[in-house]
Amino acid sequence: MPYHSAPLDLAFHALSDPTRRAVVSRLAEGELPVSALAEPFDMALPSFAQHLKVLEDCGLIASEKRGRSRWCRLERARFEEAANWMQAERRRWAARLDRLEAYLDGTEENDDGKTI
């Protein structure tokens with residue numbers, strides 16, 4: 001499989017969780033400190049930090065310490081890898097559907113029920 005890789009598998013696993021997808025959506029607006037990221041979620045900060053660790057371990061986000069705060073940002077490369085995989089799959093399925101359509105067009109029946 002051309003796009004089978006452990007980092008890509010981990011990225012899709014990370015994105016399978018709604019909390020982590022919400023974090024990614026918030027970070028799409030720009031960098032944020034962990035405290036601001038955690039604010040809308042009804043969970044303890046250590047639990048939220050586990051979600052951030054999953055996202056960071058798979059390369060979807062990066063964080064850095066600035067003063068007394070830890071700031072998070074999206075990492076474009078992993079998203080591009082996932083997008084490339086999805087685009088390749090879309091092209092593959094479109095080609096298969098085109099071949100099916102061509103086959104079905106070639107096997108149309110006339111009014112007598114005979115294949116043309």
Visitor: Not counting sequence neighbours, which residues clear salt bridge (charged side-chain N to carboxylate O under 4.0 Å, His left out) with Glu31? List them please.
Guide: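 Checked Glu31 against salt bridge (charged side-chain N to carboxylate O under 4.0 Å, His left out); matches are Arg66.
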Visitor: What residues form a side-chain contact (heavy atoms from CB on, under 4.5 Å) with Ser47, not counting sequence neighbours?
Guide: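 Listed in chain order: Met43, Ala44.
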Visitor: For residues Val34 and Leu32: do they belong to one hydrophobic cluster (side chain heavy atoms under 4.5 Å, members Ile, Leu, Val, Met, Phe, Trp, Tyr)?
Guide: yes
Visitor: For Arg99, what residues pass the side-chain contact (heavy atoms from CB on, under 4.5 Å) criterion, not counting sequence neighbours?
Guide: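 Ala95, Arg96.
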Visitor: Donor-acceptor pairs under 3.5 Å, side chain of residues 10-20 to any protein atom, not counting sequence neighbours: which ones?
Guide:
from, atom 1, to, atom 2, distance (Å)
Ser16, OG, His13, O, 2.6
Asp17, OD2, Thr19, N, 2.9
Asp17, OD2, Arg20, N, 3.1
Arg20, NE, Ala14, O, 2.9
Arg20, NH1, His51, ND1, 3.2

Visitor: How far does CD of Glu89 sit from CG of Asn84, to the nearest 0.5 angstrom?
Guide: 12.0 Å
Visitor: Using side chain to side chain donor-acceptor pair (under 3.5 Å) as the criterion, list what pairs up with Gln87, not counting sequence neighbours.
Guide: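 By the side chain to side chain donor-acceptor pair (under 3.5 Å) rule, Gln87 matches Arg90.
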Visitor: Among all residues two or more places apart in sequence or in another chain, which pass the side-chain contact (heavy atoms from CB on, under 4.5 Å) test with Glu56?
Guide: Ile61, Ser63
Visitor: Could you pull out all donor-acceptor pairs under 3.5 Å where a side-chain atom in residues 73-80 meets a protein atom, sequence neighbours excluded?
Guide:
from, atom 1, to, atom 2, distance (Å)
Arg73, NE, Glu75, OE2, 3.3
Arg76, NE, Glu80, OE2, 2.7
Arg78, NE, Cys58, O, 2.7
Arg78, NH1, Glu81, OE1, 2.7

Visitor: Quick one: side chain to side chain donor-acceptor pair (under 3.5 Å) partners of Arg68, sequence neighbours excluded?
Guide: none
Visitor: So how far is it from Glu39 CD to Phe41 CZ, rounded to the nearest 0.5 Å?
Guide: 10.5 Å
Visitor: Minimum heavy-atom separation for Cys72 and Leu27, please, with both atom names.
Guide: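 In this case the closest contact between Cys72 and Leu27 is O-CD2, 3.4 Å.
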Visitor: For the hydrophobic clusters of this structure (ILVMFWY residues joined by side-chain heavy atoms under 4.5 Å, transitively), does one cluster hold both Trp71 and Phe48?
Guide: no
